[in-house]
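If you're wondering where the values come from, they're calculated on a predicted model, not measured in any experiment.
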Amino acid sequence: MSTYQSDLLRLLEERGYIHQITDAEGLDALAARQVVPGYIGFDATAPSLHIGSLVQIMMLRRLQQAGHKPIVVMGGGTTKVGDPSGKDESRKMLTNEGIEDNIAGIRTVFERLLTFGDGPTDAVMVNNDEWLSQLGYIELLRDVGPHFTVNRMLTFDSVKLRLEREQPLTFLEFNYMILQAYDFRELAQRYDCRLQLGGSDQWGNIVNGMELARRMDGRELFGLTTPLLTTADGAKMGKTAAGAVWLNEAQLPNYDFWQYWRNVDDRDVGRFLRLFTDLPLDEIARLEALEGADINQAKTVLANEVTALVRGREAAETAEKTAADTFAGGGAGEDLPKIAVGPEGMRIGAVLTGLGFTASGGEAKRKLAENAVKLDGDVVSDPGFLVEVADGAERKLSLGKKKHAIISR
């Protein structure tokens with residue numbers, strides 16, 4: 001039974017989002033009496049976020065559902081520096097134009113999941129380049145530098161990890177935590193932002209921002225982190241053997257996105273339904289109690305609900321129909337991934353890697369040797385097999401029972 005008074009913390013607790021809160025009692029009291037603007041920052045290193053960021057986006061959705069104001073901070077400025085958290089190496093530097101293009105792509109997902117506008121609980125999207133690029137270096141050193149000690153900065157996991165592994169940590173990246181702390185202070189001044197949300201790896205950065213605002217302005221701010229999200233087998237969310245599970249359709253077809261959720265581990269179904277869908281908790285409890293083959297019903301519901309939120313209801317319905325046509329009817333649904341092999345044809349291994357079904361030629365050879373590959377229902381085991389398609393025709397390729405594609409000329 002929750003001891004929280006505010007709708008916000010009750011909602012976050014019952015759905016499994018809370019790992020740490022800097023001052024749970026103080027935040028609970030604040031959220032119970034007024035609208036709390038809260039933010040999460042997202043760096044624009046790619047034209048889409050992947051599902052590793054979805055729990056953070058959903059937390060902003062919960063903030064809005066509980067009557068508070070989400071602030072989406074796009075890291076136009078911090079992307080130029082690079083967050084060392086959880087990284088073994090420095091990220092590639094992007095141009096200003098590249099960063100702007102990435103932000104435009106990322107915005108589409110937020111527009112589906114949040115309500116933007118000018119109202120007291122409407123979401124806003126801001127770019128931290130607005131204020132970070134205006135900072136003079138001497139000004140930053142003089143006004144902000146005295147509030148950070150190198151001794152303490154060296155204790156943060158994001159720094160310790162790189163140093164312990166003897167991986168280079170540039171002075172540029174070392175500054176990242178100072179800039180993120182400055183973001184929190186700036187947002188508090190501009191939007192009366194009182195809360196920063198983030199993953200558990202951001203705890204140190206969040207606390208830094210709170211302390212900076214307290215020392216420089218006397219403001220009381222709050223921080224809340226989610227647990228590190230891994231799948232039941234211990235893998236990090238957002239990565240598969242075939243690559244990242246991107247939120248945008250331009251980076252990953254709707255069917256592949258739907259299939260990721262349809263194929264989750266049985267043990268993850270209930271947790272993912274709470275975190276990534278708006279289904280009522282009693283319905284989630286019913287679904288996660290299903291056993292044996294019946295748990296597949298719950299997985300289909302999960303796939304439909306997440307896909308509908310992120311990609312739209314039509315995308316979910318089309319993906320489900322494609323799966324039904326492919327698995328039940330033995331046919332080929334219209335939403336399957338497609339690849340063209342040209343008039344000369346293409347070796348089967350190149351087809352598999354071209355589709356993203358295998359990560360390398362070596363993996364493709366192993367799958368072929370395991371008799372896991374079928375072309376039009378017939379097993380193909382020869383890595384030198386040339387896939388040819390007649391003009392205007394299509395062929396169906398399958399890897400195991402869950403991956404299917406259409407091959408055309």
Side-chain angles (χ1 to χ4, degrees), residues 11 14-17 48-62 64-65 108-115 229 231-232 237-238 240 242 244-338 356 400-406:
L11 176 61
E14 65 192 14
R15 292 224 168 226
Y17 292 95
S48 170
L49 300 173
H50 61 64
I51 60 168
S53 298
L54 188 56
V55 70
Q56 310 303 329
I57 302 172
M58 289 300 295
M59 198 150 53
L60 289 175
R61 183 176 173 86
R62 304 301 183 210
Q64 191 164 50
Q65 287 172 338
T108 57
V109 168
F110 286 99
E111 287 173 339
R112 283 208 173 105
L113 289 159
L114 300 173
T115 301
L229 197 60
T231 56
M237 279 288 287
T240 68
V245 182
W246 299 102
L247 298 182
N248 287 15
E249 185 183 357
Q251 281 68 43
L252 185 75
N254 290 330
Y255 179 75
D256 291 349
F257 184 80
W258 187 92
Q259 274 290 337
Y260 174 84
W261 299 100
R262 170 59 183 79
N263 294 332
V264 299
D265 191 294
D266 293 1
R267 296 166 291 176
D268 287 325
V269 174
R271 184 165 57 112
F272 288 179
L273 283 166
R274 279 186 286 276
L275 289 171
F276 300 116
T277 81
D278 287 340
L279 288 179
L281 292 173
D282 55 353
E283 173 65 3
I284 292 172
R286 182 189 73 78
L287 289 167
E288 72 176 325
L290 296 173
E291 295 180 346
D294 289 341
I295 194 69
N296 289 329
Q297 297 172 27
K299 292 184 184 183
T300 299
V301 171
L302 173 66
N304 283 340
E305 293 300 311
V306 181
T307 305
L309 278 176
V310 176
R311 301 289 183 88
R313 182 62 65 181
E314 185 181 342
E317 291 171 354
T318 304
E320 184 184 15
K321 183 177 184 302
T322 295
D325 291 347
T326 303
F327 297 119
E334 63 184 40
D335 204 29
L336 288 178
K338 297 178 172 63
K401 294 180 179 179
K402 294 178 179 177
K403 290 184 176 179
H404 306 275
I406 301 298

How close do W246 and S48 get, heavy atom to heavy atom, and via which atoms?
-> CZ3-O, 3.0 Å
Can you tell me if E305 uses its side chain to pair, donor with acceptor, with the backbone of L273 under 3.5 Å?
-> no
Test log, rule side chain to side chain contact (heavy atoms under 4.5 Å, CB included), inputs T318 and N254 | CA-CA 9 Å; T318 304; N254 290 330; over 6 Å; no
Would you call the rings of F276 and F272 parallel, tilted or perpendicular if under 30° counts as parallel and over 60° as perpendicular?
-> perpendicular
Distance-only, no hydrogens or angles: does the R61 side chain make a donor-acceptor pair with backbone N or O of L113 under 3.5 Å?
-> yes
Side chains of D268 and L302: does their closest heavy-atom pair fall under 4.5 Å?
-> no
Using modelled atom types only, decide if a donor and an acceptor are shared between the side chain of R15 and the backbone of T277 within a distance under 3.5 Å.
-> yes
Do the side chains of I57 and L49 get nearer than 4.5 Å, heavy atoms only?
-> yes
In terms of heavy-atom contacts, N304 and A316 come closest through O-CB, 3.4 Å
More than 12 heavy atoms of other groups within 6.0 Å of E14 CD | yes
K299/D265 salt bridge by N-O under 4.0 Å criterion | no
Exercise: identify the closest heavy-atom pair between H50 and V245 = CB-O, 3.1 Å
Does NZ or CZ of R311 fall inside the cone over F257's six-membered ring, less than 6.0 Å from its centre and within 45° of the axis?
-> yes
Is the closest side-chain heavy-atom distance between V301 and L279 below 4.5 Å?
-> yes
Ion pair check, R267 and E288, cut-off under 4.0 Å = no
